[in-house]
Amino acid sequence: DAGVIQSPRHEVTEMGQEVTLRCKPISGHDYLFWYRQTMMRGLELLIYFNNNVPIDDSGMPEDRFSAKMPNASFSTLKIQPSEPRDSAVYFCASRAWRDADTQYFGPGTRLTVL
Amino acid sequence: AQKITQTQPGMFVQEKEAVTLDCTYDTSDQSYGLFWYKQPSSGEMIFLIYQGSYDEQNATEGRYSLNFQKARKSANLVISASQLGDSAMYFCAMREGTKTSYDKVIFGPGTSLSVIP
């Protein structure tokens with residue numbers, strides 16, 4: 001299997017611009033997670049989906065952030081408008097329902113907002 | 001309140017020696033899971049080992065073992081025979097077993113391990 005795929009790997013944008021991060025989970029995985037990693041706050045869960053339905057979005061920092069999962073093989077995390085404090089590495093992870101012990105992480109997207 | 005505590009921001013170990021990375025956790029749930037992940041400088045998160053709260057034996061995966069002390073709420077990672085490629089950040093994480101938070105995994109702040117030749 002190809003593993004979790006994220007794109008782009010690096011994104012540099014200017015404050016106020018819309019940013020869309022993409023994730024393709026491992027085929028057959030029922031759960032998808034979006035995390036953000038910063039030096040100050042460490043690794044934080046933003047939102048997770050089960051069978052394409054958002055289950056918990058309590059970690060989404062504010063209304064500028066939104067996430068969708070239109071089908072089992074694709075999810076997006078959108079920031080509009082972006083701000084410099086959104087600069088971070090954003091990880092997507094997935095797991096199968098029968099394998100609660102392991103989340104498989106993608107390579108991450110390093111976002112820089114100038 | 002901090003759920004996962006890793007008190008060692010940075011650690012050094014001589015190549016081929018064993019090293020223990022500390023992790024303590026806080027939960028009132030009876031059912032939970034504990035994880036360790038490795039993050040090398042390239043940035044990816046690599047799953048290392050898992051311990052369930054009801055598992056009687058300490059988990060082992062190759063050179064990695066988890067020293068689980070339930071009463072102390074500690075889940076230390078032991079790496080035997082350290083290799084240069086073990087230099088990385090190591091994160092302890094916990095999945096709580098309540099119905100509404102079952103799928104949430106909370107990560108600790110991490111410990112940076114440097115293996116010295």
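Keep in mind the model is a prediction, meaning the values are calculated, not measured. Residue numbers start from 1 in every chain, and the chains themselves are labelled A, B, ... in the order their sequence lines are given, proteins ahead of strands.
The number of heavy atoms from other shown groups lying within 6.0 Å of CZ (Arg63(B)) is above 12.
Contact check for Gln39(B) versus Phe91(A): side-chain heavy atoms found under the 4.5 Å cut-off.
Residue Phe107(B) holds its CZ atom at 9.0 Å from CD of Gln37(A), rounded to the nearest 0.5 Å.
Linking Ile, Leu, Val, Met, Phe, Trp and Tyr residues whenever their side-chain heavy atoms come within less than 4.5 Å leaves Tyr35(A) and Leu21(A) in two separate clusters. Hydrophobic clustering (side-chain heavy atoms under 4.5 Å, transitive across Ile, Leu, Val, Met, Phe, Trp, Tyr) keeps Val89(A) apart from Met60(A). One hydrophobic cluster holds both Phe49(A) and Ile79(A) under the rule that ILVMFWY side chains link at heavy-atom gaps under 4.5 Å.
Looking at Glu44(A), neither its backbone nor its side chain comes within 4.5 Å of chain B, counting heavy atoms on both sides.
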